[in-house]
Amino acid sequence: MQFKSTIFAAALAATALAANDTDVPSSCSISSGATATAQADLDQYSGCTTLVGDLEITGDSLTSASLANVEELQGSLIVNNASKLNDFHADSLKKVTDTLSLQKLYILSAASFGALEEVDTIQFITLPAISTFTTNLKSANIIYVSDTALETVNAFTSLQKVASFNMNNNKGLGNLESDLETVSDSLEFSSNGNDANVTFDKLIWANNITIRDVESASFTNLESVNQSLGFINNSISTLNLSSLSSVGGSFSVVSNDELTEVDAKNLTSVGGGFVVANNTDFKSINGFSKLATVGGALVATGNFTELDLSSLKSVKGGAQVDTSSGNFSCDALKSLQSKGAIQGDSFVCKNGATSTSIKLSSTSGSSSGSSSRTATSSGASSSGSVSDSSDSSSTSTHTSRGAAAADFAPAGSILGVFAAVAAALL
Ligand SMILES: *[C@@H]1O[C@H](CO)[C@@H](O)[C@H](O)[C@H]1NC(C)=O
Ligand SMILES: *[C@@H]1O[C@H](CO)[C@@H](O)[C@H](O)[C@H]1NC(C)=O
Ligand SMILES: *[C@@H]1O[C@H](CO)[C@@H](O)[C@H](O)[C@H]1NC(C)=O
Ligand SMILES: *[C@@H]1O[C@H](CO)[C@@H](O)[C@H](O)[C@H]1NC(C)=O
Ligand SMILES: *[C@@H]1O[C@H](CO)[C@@H](O)[C@H](O)[C@H]1NC(C)=O
Ligand SMILES: *[C@@H]1O[C@H](CO)[C@@H](O)[C@H](O)[C@H]1NC(C)=O
Ligand SMILES: *[C@@H]1O[C@H](CO)[C@@H](O)[C@H](O)[C@H]1NC(C)=O
Ligand SMILES: *[C@@H]1O[C@H](CO)[C@@H](O)[C@H](O)[C@H]1NC(C)=O
Ligand SMILES: *[C@@H]1O[C@H](CO)[C@@H](O)[C@H](O)[C@H]1NC(C)=O
Ligand SMILES: *[C@@H]1O[C@H](CO)[C@@H](O)[C@H](O)[C@H]1NC(C)=O
Ligand SMILES: *[C@@H]1O[C@H](CO)[C@@H](O)[C@H](O)[C@H]1NC(C)=O
């Protein structure tokens, strides 16, 4: 939705810019609603250096098509649903003021825009036969590439800034190296090749970043993210975010099965939730040693033996810390909690052997969600023995069994947190 409205706004802006250029002869003006269905329809523009209007190419008679000589298109170039189109070339085209869109071209195997330097929006959707795409692009606002067979993309290497960059479901796409320095809206890379390696080493800041399903991700110069930053369901083994100092929204590292190390040693503040969850091999969560403030909840789940948050001073939300390792101590967190640093009304710290749950106000039950009180948890509470926690000598004196029952339905409530975070990232 965000994407559509951005495109719409961009389209309006581009239309305004494409006001009649007095130097353009009327033969170089495309009447609105016209479509090109044969090469002859395109050849009529071969005398035009500048073409005004939206050029739409479609139909099932074209097998090969090209737009010759046109250097600037004041409008959009849309190639859509041309079922027999094998290849398309527009190698003189330097500038498209609005959108370059290739959509639903099932046998298109080659497209070249060798001179293209400037475009507002690139939209490539459902191009199952295309494997490479090359441009010389220096300026673009929105890049959206989805459901293509692209394996390599050498089209965006000279771009330094965009509003939005989204590549998803391009199953053959492996390595992507980008020189982007800023992304003012969102950067998303998801469901592409399973062993994809993405490198955004020049990126300094972005509004939102979501990276899914990659084998490695490099963001060596990333200093800040205005809203959310998420690494979800990747096969990344180490994540180095050593330049990162702040995240304005939530920070999530979730379901990365092979992750063993995160270095975010310069990260001091997270404006939303801090979620490091379900990373099965992440044993030592020790790369967050400067993290001082968390504006949302603190969620750490998995099988970790260490959670070093030694600079942590303030968590505005609650805390849900749950590890299956028996070797983890809740002492540091309990001490923070008792100092009032964890301000939310629910606090759960659980390990394989012991657990502590504290409810500070009577409203916390409702915030953890009544639906999360499963039969299992009420069974545990009515037995008067909340699994291993009740016989643990380390259980805090503040622990109340009633509260424990509410908060000991973590499966539901933690999933709830995941779902909320995942939704925020979409
Ligand atoms: C552009 O020219 C056409 C006719 O040549 C005219 O109908 C239209 O209103 C003009 N648009 C602008 C924005 O001047
Ligand atoms: C795509 O093209 C085919 C054949 O030309 C036509 O039957 C179909 O309606 C078109 N689909 C769309 C969505 O335009
Ligand atoms: C990504 O990097 C890994 C490790 O260097 C390598 O094994 C894999 O082949 C790379 N993926 C691609 C698509 O090149
Ligand atoms: C995002 O953060 C960058 C770097 O701190 C800043 O320059 C930019 O203005 C911010 N953008 C928004 C929309 O707040
Ligand atoms: C997680 O990644 C695997 C591939 O590594 C993929 O098959 C699966 O659909 C992904 N799951 C989610 C929830 O994205
Ligand atoms: C992360 O990168 C920085 C800068 O290159 C380096 O100093 C640091 O050792 C790296 N961290 C890890 C855990 O490799
Ligand atoms: C850490 O962050 C501070 C700003 O908070 C910055 O001045 C410093 O250069 C950063 N260090 C690294 C290694 O990126
Ligand atoms: C945790 O990871 C497992 C295995 O990859 C997966 O089946 C499960 O759905 C994940 N849970 C959440 C909440 O992401
Ligand atoms: C947790 O990790 C230990 C080894 O560090 C392993 O023995 C144990 O099976 C793991 N537990 C779970 C639930 O994955
Ligand atoms: C558990 O903790 C003890 C003492 O802190 C340590 O010696 C041992 O190696 C730890 N075991 C694991 C599996 O981390
Ligand atoms: C950016 O993140 C915020 C907060 O998570 C979310 O509300 C927003 O929809 C995201 N925007 C985009 C374009 O992904």
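As the structure is a prediction and not an experimental result, all values here were calculated from the model. One-based numbering, in listed order, for ligands and for the atoms of each.
- With respect to atom 7 (O) of ligand 3, the closest heavy atom belonging to the protein is Glu215 OE2, 3.9 Å.
- For ligand 4 and Ser224, the ligand atoms under 4.0 Å from any heavy atom of the residue are 4 (C), 5 (O).
- Looking at Leu176, Val198, Asn175, Asn192 and measuring to atom 14 (O) of ligand 3, the nearest heavy atom belongs to Asn175.
- Within a 4.0 Å radius of atom 5 (O) of ligand 4, the protein contributes at least one heavy atom.
- Phe156 and Phe133 have tilted rings, their planes meeting at an angle from 30° to 60° on a 0 to 90° scale.
- For a threshold of 3.5 Å applied to N or O pairs, the pair formed by Asn207 and ligand 4 contains no separation below that value.
- For ligand 7, one of its N or O atoms has an N or O atom of Asn266 under 3.5 Å away.
- There is no side-chain donor-acceptor pair under 3.5 Å between Thr323 and Asn351.
- Residues Asp281 and Thr260 have side chains that never bring a donor and an acceptor to within less than 3.5 angstrom of each other.
- Near Asp195, meaning under 4.0 Å from one of its heavy atoms, ligand 3 places the atoms 1 (C), 10 (C), 11 (N), 12 (C), 13 (C).
- Looking at atom 12 (C) of ligand 4, its nearest protein heavy atom turns out to be Asn226 ND2, 3.1 Å.
- For atom 3 (C) of ligand 4, the closest heavy atom belonging to the protein is Trp205 CD2, 3.3 Å.
- Short contacts between ligand 3 and Gly174, defined as distances under 4.0 Å to a heavy atom of the residue, involve ligand atoms 13 (C).
- Here the side chain of Asn197 pairs no donor or acceptor atom with the backbone of Asn175 at under 3.5 angstrom.
- Checking atom 9 (O) of ligand 7 against the protein gives no heavy-atom contact under 4.0 Å.
- Counting heavy atoms closer than 4.0 Å to ligand 3, residue Asn197 contributes side-chain atoms (C-beta onward) but none from N, CA, C or O.
- Using a 4.0 Å cut-off between charged nitrogen and carboxylate oxygen, Glu181 and Lys202 do not count as a salt-bridge pair.
- Partner of Ser76 under the side-chain hydrogen bond (donor to acceptor under 3.5 Å, both in side chains) criterion, chosen from Asp98, Asp120, Thr121: Asp98.
- Atom-to-atom distance recorded for Leu291:CG and Phe251:CZ is 9.0 Å, nearest 0.5 angstrom.
- In terms of protein heavy-atom proximity, atom 13 (C) of ligand 7 is closest to Ser242 O, 4.1 Å.
- In summary, the atoms of ligand 7 found under 4.0 Å from a heavy atom of Ser245, numbered by their order in the structure, are 2 (O), 5 (O).
- Residues Phe274 and Phe288 place their aromatic rings such that the two centres sit under 6.0 Å apart.
- With ring centers used as reference points, Phe304 lies under 6.0 Å from Phe328.
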